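Before any comments, here is the structure.
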Amino acid sequence: METPVNIIVGSHVWIEDSSVCWIDGNVSKINGQDAEIETTNGKKVVAKLPKIFPKDMEAPAGGVDDMTKLSYLHEPGVLQNLKIRYELNEIYTYTGNILIAINPFQRLPHIYDLHMMQQYKGAPLGELSPHVFAVADVAYRAMIHEGKSNSILVSGESGAGKTETTKMLMRYLAFLGGRAVTEGRTVEQQVLESNPVLEAFGNAKTVRNNNSSRFGKFVEIQFDKSGRISGAAIRTYLLERSRVCQINDPERNYHCFYLLCAAPQEEIEKYKLGHPKTFHYLNQSKCYELTDISDSREYLATRRAMDIVGISQKEQEAIFRVVAAILHIGNIDFAKGKEIDSSIPKDDKSKFHLKTTAELLMCNADGLLDTLCKRVMITPEEVIKRSLDPQSAAISRDGFAKIIYSRLFDWLVNKINNSIGQDSNSKSLIGHVFKMEQEEYTKEQIDWSYIEFVDNKDVLDLIEKKPGGIIALLDEACMFPKSTHETFANKLYQTFKNHKRFIKPKLSRTDFTISHYAGEVLYQSDHFLDKNKDYVVPEHQDLLGSSKCPFVAGLFPPLPEETSKSSKFSSIGSRFKLQLQQLMETLNSTEPHYIRCVKPNHVLKPAIFENVNIMQQLRCGGVLEAIRISCAGYPTRKPFFEFINRFTLLAPEVTEADEDEKTVCKKILENMGLKGYQIGKTKVFLRAGQMAELDARRAQVLSNAAKTIQRRIRTHHARKHYLALRKKTVYVQSLWRGRLACKLYENMRREDAVVKIQKTVRRYEARKAYNKLQASVLALQTASRAIASFKEFIFRKRNKASIIIQARWRCHIAASYYKRLKKGSIVTQCRWRGRLARRELRKLKMAARDTGALKELKDKLEKRVEELTWRLQLEKSLRTNLEESKAQEISKLQNSLQEVQSKADETNAMLIKERENSKKLIEETPPVIKETQVIVEDTQKIESLTVEVESLKNSLESERHKSDDLERKYNEAQAYGEDRSKKLEDTEKKVRQLQESLTRLEEKITNLESENQVLRQQAVSMAPTKFLSGRSRSIMQRVDSGHIGVEARIPLDMHSTSMSHRESSEIDDKPQRSLNEKQQENQELLIRCIAQPLGFAGNRPIAACIIYKWLLHWRSFEVERTSIFDRIIQTIGHAIESQDNNDVLAYWLSNASTLLLLLQRTLKASGAAGMAPQRRRSSSGTLFGRMTNSFRGAPPGVNISIINGSMNGGVDTLRQVEAKYPALLFKQQLTAYVEKIYGMIRDNLKKEISPLLGLCIQAPRTSRASLVKGASRSVASTEAQKALIAHWQGIVKSLGIFLKTLKENHVPPFLVRKVFTQIFSFINVQLFNSLLLRRECCSFSNGEFVKAGLAELENWSFNATDEYAGSAWDELKHIRQAIGFLVIHQKPKKTLNEISHDLCPVLSIQQLYRISTMYWDDKYGTHSVSPDVISNMRVLMTEDSNNAVSNSFLLDDDSSIPFSVDDISKSMEQIDISDVEPPALIRDNFGFSFLMPTSDGQLPLQH
């Protein structure tokens, strides 16, 4: 890391700091090898130049996603990059092939959801932002394509997030691996659900982590040949058994103990449990609960997870019974017994727990006590049973609990593995850790030599080498009963006193230190011997093996005879060493991938980044060693275009020549005089320190340019200051001159004001005298005019009254005459109509004289008609009289009210006129000569006028009283009239009921006539002697003679249920079968016809119109059973089987939507649709029955003109048909097909444009050299832009072809708009998500290219018009605003309010935050938004951190159906299908003649 760099005064550098590890500053002075640095915290520090590292001032504001891309690859650069990304919630960063994952200590669901998985599926490593999914995807793809086994090593200290990272890896592999099902449960479910089980029994709270795994775990997920998960295996290593019996505050024991104590009450009572503080194994720490964690809910979740991984309920009960027994074991305390060195239960509490333990383990209580308090020693002579003292008994008790828990945990692991199942077909291959580094050198054809790696073999030998390693010495010490941790430590001191990796502390007799490659680690050997012993006490084995519980006995199976006789020692260290060797063999046979988890702080809280802690983890995890290896080669690698963009100003002349980028880079480096660099195919490789030297020279060039600019600016400022001073001087002079002029003006203004005041006062006095005189004159005029007006009022009032009386009398005479004349006319009309009706009745009687049953019925009907006619006349007369009386009463009241109102109006008019006359009289009065006399006369006149006014007021008051009385009488009359109106309405209702009854009778008569007509049709089509009885022949004879003349020439079936039983029994079944066969032939012909492409008549699909006409003509909507609907649906289904033919899909979308529109506007649900099948069968279901029913009056909801073929109007002119169940089901199926075809068309277009979208989001890289003035460069740039626009134009071309197809097939514009709206939404989602996931896309030049492409889409939307494009362009609002943000200038000057409300109102804070931090300007070198804006965004994001939806910055594609049947119906216009010509296949068929339009728009009748 100590590399000489070009450090000069003014350089920005990093220096070591004890508090924050590294701190940045500015070099202020250099003296030899010493440099004085002003740090950012205000201190001045002196440091050696080799210990100083340059700081990259042009590093991206959001950091880099791969630290090998850093310009300066050193410790402070790495630490700063991680810190910047962590503050942006970017917790993943690459370091070559190592993924660094920093624990955020908060939920970030938006980066782990299903949409994010889909984004990383199949994406090359490095194309998207760093993620654990990317590592898992690379491993999976390598396994699938290369057939190699892969391994992902997740490392880190406790609390770094290894467990959560492993969960995410398994989730993603399960997402990729598909659905291989084992015994009804998916393998991935079992693998993922095994985590809660293993966490419950193998995880615990420690000082550093609330969910620390206290065992090592290796999860092997196996796949079959097709890439689906076929099996899995979980291997565990070195469970911390001592935690069962001993914990420290504030840690906790294993989670399962606390979960069981929080179980439902019935289970707690069954296991005789209580609060955790009542158990010795749990109350050694005061921590019983975890923050934000409910043990009761976790208990239920664990039970559910056990169900999924295949643990039965019986086994679960046994497991928790064992867990409860362990808790009770810990509460058994011992006291001294009666014998020497013996022990017994201390008190009744201990005896209770002893008894409970025996019950739970289903063993003998006395035997359990002997097992805990005694030991059996076998000698050649005899078997000796030795008692244990209380302390030894407590040790035996703890060992008993530990071995039970250890066996239980091993059983769980084996059970999970057996339940999931394993796949033995596995082969493996491995590559070196730093293989990618060397591969890149080879790929770029760079000469490289072998890099020396740190050899850690001496440390490994120190620990595990036989026979002199630490583990071997520990096993040896455990074999001797008298060995202690002190003797073991002394043995280590003597054996390794000269070993360079082994260090003996000066102040301790039992501790020792091992110097690992990452640093020194202190080990305390206390309890090493106890923890290393791994054997089962024979008494424990015998007791538990004989348990009556099969589960407990299964945990301790009987040992083989040769094993029981063998006394070979077993230890934890040797067992773990064996497991580790097996693990290394597995890893060495796989392709490794590395994830290093880092814990950012010790307080386990978010947004806290402890530099010293993280740097230590990076050193211990080998991350910095990987950086050291990179620095030993070529740590700085820059693509040609980036190198030219950054350093072209060092040699601007080389860009003027027409040369390629590689040559330009080479010339720049040659001009700088650098040695040892390498130039590859696409990148420049620089040695350590060369980047700093180039930056230093670049900074010098920029400094000189800045000085020139400063000199010019200062000159400009001085000139600007002089001009401003001169301008201000002139302004002050003009201000003083203006002030003098103002004083002179003020004096002149005051003089003028005095003159105006005098004039105004004199005018006021004169005006006042004039007004007084005028008021007197007006009073006299008013009085005289009032007298004249009153006289005129009296005269006109009398004259008007006489005229009104005359008018009323003449009106009364005329009304009386009119009523008499009207009454006579009505009587005459009624008698004449009755005479005509009787004549018609006599004719009908004569026609039906030979029909006995009809005659009797018609007589009754005649009497009923006469009776109803009489009642109708009576009601009409009553109604006429009532209306006349009501009209007379109302007219009287209205006349009275009008008279009163006219009198009041006349009085007011006379008063007004009197006042006007008085005014005129006063005005015409001559001037007053005798002043005193005039005053007296005027006073007298005023008094007389006052008296007259008072009398007029009294008259007016009396008139008002009269008016009130009349108004009251009018209200009473109106109330009476309303009462009479109600009675009249009741009478009208009765009349309507009678009319309805009469109508029904008329319908019955019509039905009888229809039956006669049916019989006549039968007579025409059949031999009279064979098919007709004598009675029918007589009827037909009368029909032929013209007595029954009904116009109905409609095809009839021979199965009418309306015929009487007596008549139907006389008809043969042969015509019925022939007509049914004819109907079936017509159906077959219809299906064969619509299966062919029939085209369109104008904009109307012919197939839909024909189907609708056929169904309507044969009344298929009203039958209970029919197969025609299923045949039509099957035809449509067969036609759209080929999903790739958009022309066929568009054709059927047009037909299906049109037919659905016709059904929507015609059909309505009937009550019979929900009837039971028994009732439906009673209805007429044959063709003849349906056609016969059509003649019995107007059927419910259908116009009779339809039956006769009248369709000259639109569909809306038809009344609705009451549809039965098959018709309603057909409508639902048709709706489903419309939605299905719509979705197929939309998805086809998505598939076509998806490959193009991936090429449109990122512009081709254009170097700075290609941007200088030059013909060839300009041409190349233009061609690159044309190439990009070609991709966009490909999308536009696809959209145009689809639009043309939809137009040619006359798809409703409403559906076309919906298609393109969803397509544009899909484009918006794909482009926007790619922009947020790929930093190289968030550049200024890329924004310009995408903006040009969006302009192509906007132009297409404009040309497509709103009729077909609709609001599709608005769906691109996210990508439009994001691109708009990328291409705006002066981003640092924009405030958060301007960005979020003016520039990008649609984007969320999370999306703006990500774009702002990923933005980089590859064209002008500008910066993103200001740090204050970034800080404000971070605050807002923290406030919304609990909202999972708001945290998600990616968009989801909406694939739902965005319309309903009602939407289609409302959006489409009326369709006139009357003039649609049938196709040639059915045009000449007699059975389809009803489809032929006539000249007057009527469909022809079928004979």
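Here the structure is a predicted model, which means the values were calculated and not measured. When a residue number appears, it is its place in the shown sequence, counting from 1.
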Nearest 0.5 Å please: distance from the [atom1] atom of [X] over to the [atom2] atom of [Y].
X: Ser387; Y: Asp370; atom1: OG; atom2: CG; answer: 9.0 Å
X: Leu259; Y: Ser294; atom1: CG; atom2: OG; answer: 9.5 Å
X: Leu260; Y: Ile268; atom1: CG; atom2: CD1; answer: 7.5 Å
X: Asn417; Y: Glu220; atom1: CG; atom2: CD; answer: 9.5 Å
X: Phe257; Y: Asp295; atom1: CZ; atom2: CG; answer: 13.5 Å
X: Lys415; Y: Ser419; atom1: NZ; atom2: OG; answer: 6.5 Å

Please check if the side chain of [X] supplies one atom and the backbone of [Y] the other of a donor-acceptor pair under 3.5 Å.
X: Asn283; Y: Thr278; answer: no
X: Lys351; Y: Lys346; answer: no
X: Glu464; Y: Ile471; answer: no
X: Thr165; Y: Gly161; answer: yes
X: Ser343; Y: Ala393; answer: no
X: Ser547; Y: Leu361; answer: yes
X: Thr510; Y: Ala489; answer: no
X: Ser213; Y: Phe215; answer: no
X: Glu269; Y: Glu266; answer: no

Does the side chain of [Y] come within less than 4.5 Å of [X]'s, by heavy atoms?
X: Lys402; Y: Cys245; value: yes
X: Thr357; Y: Ile332; value: yes
X: Arg375; Y: Glu539; value: yes
X: Phe400; Y: Leu543; value: yes
X: Val323; Y: Tyr271; value: no
X: Ser194; Y: Ile234; value: yes
X: Asp333; Y: Asp347; value: no

The test is salt bridge (Lys or Arg N to Asp or Glu O under 4.0 Å); show your working for Arg321 and Glu315 and say whether it passes. CA-CA 10 Å; Arg321 191 166 61 248; Glu315 291 172 335; over 6 Å; no
[X] and [Y]: side-chain donor and acceptor closer than 3.5 Å?
X: Ser392; Y: Asp389; value: yes
X: Asn211; Y: His255; value: yes
X: Ser151; Y: Thr590; value: yes
X: Arg304; Y: Thr302; value: no
X: Thr206; Y: Arg214; value: no
X: Asn253; Y: Gln284; value: no

Looking at [X] and [Y], does any basic side-chain N land under 4.0 Å from a carboxylate oxygen?
X: Glu267; Y: Arg303; value: yes
X: Glu289; Y: Arg252; value: no
X: Lys314; Y: Glu317; value: no
X: Arg243; Y: Glu240; value: yes
X: Glu157; Y: Lys162; value: no

As a quick check of understanding, evaluate side-chain contact (heavy atoms from CB on, under 4.5 Å) for Ile344 and Lys336, giving each step before the final call. CA-CA 6 Å; Ile344 59 174; Lys336 290 184 178 181; over 6 Å; no
[X]/[Y] aromatic ring centres below 6.0 Å:
X: Tyr281; Y: Tyr405; answer: no
X: Phe409; Y: Phe201; answer: no
X: Phe320; Y: Tyr299; answer: yes
X: His328; Y: Phe279; answer: yes
X: Tyr288; Y: His275; answer: yes

Over 12 non-hydrogen atoms of neighbours within 6.0 angstrom of CD in Glu339: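 No.
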Can you see which heavy atom on [X] is nearest to which on [Y], and at what distance?
X: Asp307; Y: Gln316; answer: OD1-NE2, 2.6 Å
X: Ala136; Y: Leu169; answer: CB-CD2, 3.7 Å
X: His540; Y: Gly399; answer: CE1-C, 4.5 Å

Check against side-chain contact (heavy atoms from CB on, under 4.5 Å), Ile404 and Ile329: CA-CA 11 Å; Ile404 293 176; Ile329 291 172; 4.1 Å; yes
Does Lys272 form a side-chain contact (heavy atoms from CB on, under 4.5 Å) with Glu359? I'd like the steps, not just the answer. CA-CA 11 Å; Lys272 300 179 182 180; Glu359 292 175 355; 3.2 Å; yes
